[in-house]
Amino acid sequence: MSDLRSSYDVVIVGGGVVGSATAYFLASNPDFTGSVLVVEKDWTYARAATSLSSSSIRHQFSNPLNVRMSMFGTEFIRQFPELTAVDGKGDDLALHENGYLFLANDQRGSDILSRNRATQAACGAQGVLLTPREVAARFPWLNTDDLTLASLGLAGEGWFDNTGFLYGLRAKARALGVTYIEDEVTGVAGQGGRIASVTLKSGAQVGCGALVNAAGTRGRRIAEMAGLYLPVEPRRRSLFVVDCRTPLPGRVPLTIDPTGVFFRPEGRYYLMGTVPDPDPAVDPDDFAVAHDEFEEQIWPVLAERIPAFEALKVVNSWAGHYDYCTLDHNVIVGPHPEVSNFLFANGFSGHGLQQSPAIGRGLSEWITYGGFRSLDLSPLGYARVVSNTPFLEEAII
């Protein structure tokens with residue numbers, strides 16, 4: 001801690017993938033000449049949303065802004081070894097572009113998939129709508145008897161190395177001069193309608209020109225320290241890795257049943273989960289796996305949808321948390337309208353990993369230039385919290 005300065009131009013609370021992406025884009029922008037401090041409470045990242053996620057990316061959203069953010073995410077992942085190389089070496093994130101397969105079994109679901117595909121096509125995302133017969137021909141392991149339509153991503157969708165993503169961003173940001181410390185923000189002080197400093201658990205007080213709240217499920221607490229409201233709470237998501245006696249043949253996409261139950265390959269195994277019902281807020285330190293979800297909500301659905309999944313054996317399981325935006329399940333990004341140097345990057349509701357490059361780039365632009373340049377993220381700003389106007393997105397998992 002001896003090299004900790006008394007103040008920084010930017011203090012980022014949270015050193016996970018969102019905070020590290022923001023630090024990376026600031027440090028790699030030649031127009032930004034300030035200092036950056038990242039405060040992360042746990043350098044093991046053992047319980048970080050990044051580490052415990054399903055490590056996936058998709059372009060199949062209903063809102064063009066979400067589509068474009070994830071398309072940039074794919075582009076960034078593909079170029080990751082070059083963009084984040086340190087001493088000439090960068091890590092390949094092993095992007096498996098198997099696609100997402102969304103299934104519909106009624107007219108409403110079909111209409112949503114058709115409408116969303118038109119939006120995605122207008123943004124340049126590659127995909128195709130499939131009839132039940134076409135689904136059966138491509139994926140003979142799938143029960144299509146009740147299906148009405150499906151949507152398959154053809155490029156840029158799949159899963160990748162989540163921890164490699166985080167550590168690569170972090171290493172490059174540090175190589176570019178960003179300071180990381182293992183500590184915790186316990187207080188935020190304001191002066192004249194602006195954030196002036198943060199207090200750390202270690203006792204240090206650090207001045208800041210701008211504060212970025214990238215604290216995940218603890219983001220609400222950081223906002224409250226500044227006297228601000230943030231409609232975000234922790235929601236538990238349990239994931240299960242299973243062995244199947246009869247492996248599915250061919251290229252298997254991440255498949256989403258109309259019920260919301262999903263699965264994808266995980267090496268020789270399969271990773272699966274669902275949106276819990278009920279889905280209450282949980283303690284941010286509660287990472288107990290909800291094993292009943294597998295027995296009662298996941299396995300019965302997938303055993304019906306995929307006959308080979310009638311016999312499954314759970315070989316691993318874990319629980320992670322969504323920083324869940326209770327307003328509309330979408331990220332809140334950018335400045336508070338009255339405290340302009342307090343910047344939000346909160347409420348990703350499960351999309352943080354894939355959207356982190358676009359969010360980090362956008363926040364770095366706002367800090368450097370006073371506005372978004374590459375992609376206008378203002379529809380996801382705090383103004384919609386003030387007006388209680390949800391950002392509409394139909395493709396939520």
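Quick caveat, the model's predicted, so the values are computed rather than measured.
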### Task
Check whether any side-chain heavy atom of Pro307 lies under 4.5 Å from a side-chain heavy atom of Thr246, and answer yes or no.
no
### Message
I need the single residue from Phe309, Trp299, Phe262, Trp141 that forms a ring-ring contact (aromatic ring centres under 6.0 Å, His included) with Tyr270. Which is it?
### Response
Phe309
### Query
Would you say the side chain of Leu375 lies within less than 4.5 Å of the side chain of Phe72, judging by non-hydrogen atoms?
no
### Query
Does the side chain to side chain donor-acceptor pair (under 3.5 Å) test come out yes or no for Ser364 and Asn29, once each step is laid out?
CA-CA 8 Å; Ser364 72; Asn29 184 350; 5.1 Å; no
### Arg305/Asp146 ion pair, N-O < 4.0 Å
yes
### Message
Quick one, Phe294 and Ser238 - any side-chain contact, counting heavy atoms below 4.5 Å?
### Response
no
### Query
Measuring from Met71:CE to Cys123:SG, what's the distance to the nearest 0.5 Å?
7.0 Å
### Query
Which pairs pass side-chain hydrogen bond (donor to acceptor under 3.5 Å, both in side chains) with one or both residues in residues 118-127, sequence neighbours excluded?
Arg117-Gln120
### Query
Can the ring centroids of Phe76 and Phe25 be said to lie less than 6.0 angstrom from one another?
yes
### With sequence neighbours excluded, residues passing salt bridge (Lys or Arg N to Asp or Glu O under 4.0 Å) with Glu310
none
### Message
Within a 6.0 Å radius of atom CD on Glu338, are there more than 12 heavy atoms belonging to other residues, nucleotides or ligands?
### Response
no
### Task
Answer yes or no: is there a side-chain heavy-atom contact under 4.5 Å between Leu200 and Ile181?
yes
## Note on the structure
His351 meets the ring-ring contact (aromatic ring centres under 6.0 Å, His included) criterion, sequence neighbours left out, with Phe61
#### Entry: Close side-chain approach of Thr274 to Thr259, heavy-atom, < 4.5 Å
no
### Query
Can you name the residues that form a side-chain contact (heavy atoms from CB on, under 4.5 Å) with Arg174, not counting sequence neighbours?
Trp43, Arg170, Tyr180
### Message
For the residue pair Thr255 / Asp257, report whether a side-chain donor-acceptor contact shorter than 3.5 Å exists.
### Response
no
### Message
Tell me whether the count of non-hydrogen atoms from other residues, nucleotides or ligands lying under 6.0 Å of CZ in Arg78 goes above 12.
### Response
yes
### Query
Under 4.0 Å between a Lys/Arg side-chain N and an Asp/Glu carboxylate O for Arg138 and Glu134?
no
### Query
Is atom CZ of Arg115 surrounded by more than 12 heavy atoms (other residues, nucleotides or ligands) closer than 6.0 Å?
yes
### Task
List in chain and number order the residues that pass side-chain contact (heavy atoms from CB on, under 4.5 Å) with Ser54, two or more places apart in sequence or in another chain; answer none if no residue qualifies.
Ser56, Leu239, Leu271
### Message
So Val212 and Ile367, do their side chains get closer than 4.5 Å, heavy atoms only?
### Response
yes
### Query
Within a reach of under 6.0 Å around CD of Glu97, are more than 12 heavy atoms found that belong to other residues, nucleotides or ligands?
yes
### Message
Is it the case that the side chain of Ser114 and the backbone of Asp111 share a donor-acceptor pair, with hydrogens and angles ignored and the cut-off at 3.5 Å?
### Response
no
### Query
Do you see a donor-acceptor pair shorter than 3.5 Å between the side chains of Thr368 and Asp31?
no
### Message
For the backbone of Gly209 and the side chain of Arg194, can you confirm whether one donor and one acceptor N or O come within less than 3.5 Å of each other?
### Response
yes
### Task
Would you check if the distance from the ring center of Tyr100 to the ring center of His59 is below 6.0 Å?
no
## Note on the structure
CZ of Arg133 to CG of Leu147, rounded to nearest 0.5 Å, is 14.0 Å
### Message
Are more than 12 heavy atoms, taken from residues, nucleotides or ligands other than Glu82, located less than 6.0 Å from that residue's CD atom?
### Response
yes
### Message
Tell me whether Asp87 at atom CG has more than 12 heavy atoms from other residues, nucleotides or ligands lying less than 6.0 Å away.
### Response
no
#### Entry: Set of side chain to side chain donor-acceptor pair (under 3.5 Å) partners for Glu393, sequence neighbours left out
Ser62, Asn66
### Query
Under a 4.0 Å N-O cut-off, is there an ion pair linking Arg268 with Asp243?
yes
### Query
Without hydrogens or angle criteria, can the side chains of Thr326 and Glu233 be said to hold a donor-acceptor pair below 3.5 Å?
no
### Message
A side-chain contact here means heavy atoms from C-beta on lying under 4.5 Å apart; do Asn116 and Ser151 qualify?
### Response
no
### Query
Is the His329 to Tyr324 ring centre distance short of 6.0 Å?
yes
### Query
Is a side-chain donor or acceptor of Asp183 paired with a backbone partner of Ser202 at a separation under 3.5 angstrom?
yes
### Query
Taking Tyr45 for the side chain and Gly15 for the main chain, is one N or O donor matched with an acceptor at less than 3.5 Å?
yes
### Message
Closer than 3.5 angstrom, by distance alone: can the side chain of Asn98 be matched with the main-chain N or O of Val252 as a donor-acceptor pair?
### Response
yes
### Side chain to side chain, Arg237 and Val275, heavy atoms closer than 4.5 Å
yes
